[in-house]
Amino acid sequence: MKRVFLETYGCQMNVADSELMAGVLERAGMELVPRPDEADAVILNTCAIREHAELRVLGRLGEFAHLKMKNPALVVGVAGCMAQHLRKKLLDTKRVLDLVVGPDGYRDLPNLLKSAAGAPVAEIRLDRDETYGDLEPKRVAGVRAWVTVQRGCDKFCTYCVVPYTRGRERSIPLADLVRQVEHAAARGFCEIVFLGQTVNSWKHDTNDFADLLRAANGVAGVKRIRFTSPHPSDMTDRVIAAMAECEKVMPHVHLPLQSGSDRVLDAMNRTYDMATFRDVVAKLRARVPKMALSTDVIVGFPGETEEEFEMTSAYLKEARFDSAFLFKYSARPDTKAFKWPETVTEDEKGRRLTRLIDEQMAISAEINDALLGAEVEVLVENVSHRDGTQLYGKSAEFKTVVFTDDGTQPGELARVKVVGTTPVTLLGESLKKPRQVPLVTIG
Ligand code: 5AD
Ligand code: SF4
């Protein structure tokens, strides 16, 4: 058991978990390979948030069944939320599978893989104490380091499977996190993104998320700090003040709304109402200059009436988010809402979704158009895949900016003038002055 192929589905938390697994495997002498047909073991790190995510993984497992026919020794594993969600059922029904490992079983992954080569293994215990805070992930090269600050979730939104797949909320100690940030910065990762299911509810001993932001702001070599995803109910004045006062914390917040109706928010157990949400948005915009906001919305939650849907649409127009992730409600086994009758048909969900997508695209396009002629600061990530003469990176507000290659290196900041826009990208021209060639007179 030497070569492992690891494929990631779902959210940033899974991307970070795959980096954690990669670190654990490499320290055990295993090697990560880029293709499944070169591997002794394949692991799919999966997502269970919507049914569609699970169907994609089941399709992929079908492909691995073919590979296993050619190479019967191949160990096939499923990790992550779907593993936890379907547990033994996966092993029983999917003959191709040798290993099912939930989000709290990664510390022992090398041994699990070795045992799975003999007989099928399921490691699906949730562990209230496991944070992996002491383990160094193998970070994918680039400018951005994902730093998991908290695992699990205690909010129990009635539609969401995460508290059941990732278990109770646990925060990683401040000292461990500061060490991880310093370590990442020393290796050239100049943007830190703190990750947690409700990242701003992070707390440890007497410290809260505001203290964590301030501590990271003081680490040399870090140029930018971001975090995702905060919960509106934990967006305290202390956190907003830290955002306003820490120059490295970027002016962008992904603040999931889910619905614009108080009744639906209550049925979702979101713990805030529209008055509170509006208040948080107003405070963020008042305290942090050029604050960019994005959000998540679910349409077709059980019982959502046409009128309640219109409230969501009206609020998106009022709030004018820079961008929004819009989803059709998907009933998830284990959740509270799963038992509630679905009152909105698939067709109607589709209609509501398309309406919001069209409306939000128009808003995003207007917001981006208003930036024409403005100067933005871009943290350069790389040369554009599409056009090798262009660089790309993110603005402070987390918008992707593509601009002419002016020799700025990945990890450096470039000043760029916006000369074109789409609803999702800014096109720019570098404002870097051409280097002055000194005049040398000879003779
Ligand atoms: N159906 C549809 N969307 C969901 N989300 C979470 N659970 C569900 C579900 N059962 C969405 C929420 C959340 C985002 C990550 O996924 O909007 O913020
Ligand atoms: Fe799911 Fe709600 Fe927790 Fe987010 S806050 S992970 S939506 S239960």
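Every number for a ligand or one of its atoms is a count from 1 in the order of the listing.
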Quick one: do the [X] and [Y] side chains pair a donor with an acceptor below 3.5 Å?
{"X": "T271", "Y": "S233", "value": "yes"}
{"X": "E169", "Y": "S201", "value": "yes"}
{"X": "Q360", "Y": "S364", "value": "yes"}
{"X": "N45", "Y": "E7", "value": "no"}

Problem - Over all atoms of both residues, closest heavy-atom pair of L74 and A39 - result: CD1-O, 3.3 Å
Completion exercise
Here the ring-ring contact (aromatic ring centres under 6.0 Å, His included) pairs for residues 247-300, sequence neighbours left out, are H231-Y272, H252-F398, H254-F325, Y272-F277, F277-Y315
Exercise for the section: Can you run down the ring-ring contact (aromatic ring centres under 6.0 Å, His included) pairs that involve residues 179-215, sequence neighbours left out, and say none if there aren't any? Expected result: F209-F227
Practice task
Assess the pair F301 and F309: is the distance between their ring centroids shorter than 6.0 Å?
Solution key: no
Exercise for the section: Please indicate how many protein N/O/S atoms are found closer than 2.8 Å to atom 2 (Fe) of ligand 2, with waters neither displayed nor included. Expected result: 1
Handout entry: Worked verdict on V121 versus D98 for side-chain contact (heavy atoms from CB on, under 4.5 Å)
Key = CA-CA 6 Å; V121 175; D98 305 289; over 6 Å; no
Pairs under 3.5 angstrom, nitrogen or oxygen on both sides, ligand 1 versus protein: list them out, please.
unit_1   : atom_1 : unit_2 : atom_2 : d
ligand 1 : 1 (N)  : S330   : N      : 3.0
ligand 1 : 3 (N)  : R50    : NH1    : 3.2
ligand 1 : 5 (N)  : R50    : NH1    : 3.4
ligand 1 : 10 (N) : Y159   : O      : 3.0
ligand 1 : 10 (N) : S330   : O      : 2.8
ligand 1 : 16 (O) : R50    : NH1    : 3.0
ligand 1 : 17 (O) : Q258   : OE1    : 2.7
ligand 1 : 17 (O) : Q258   : NE2    : 3.4
ligand 1 : 18 (O) : Q258   : NE2    : 2.8
ligand 1 : 18 (O) : D296   : OD2    : 2.6

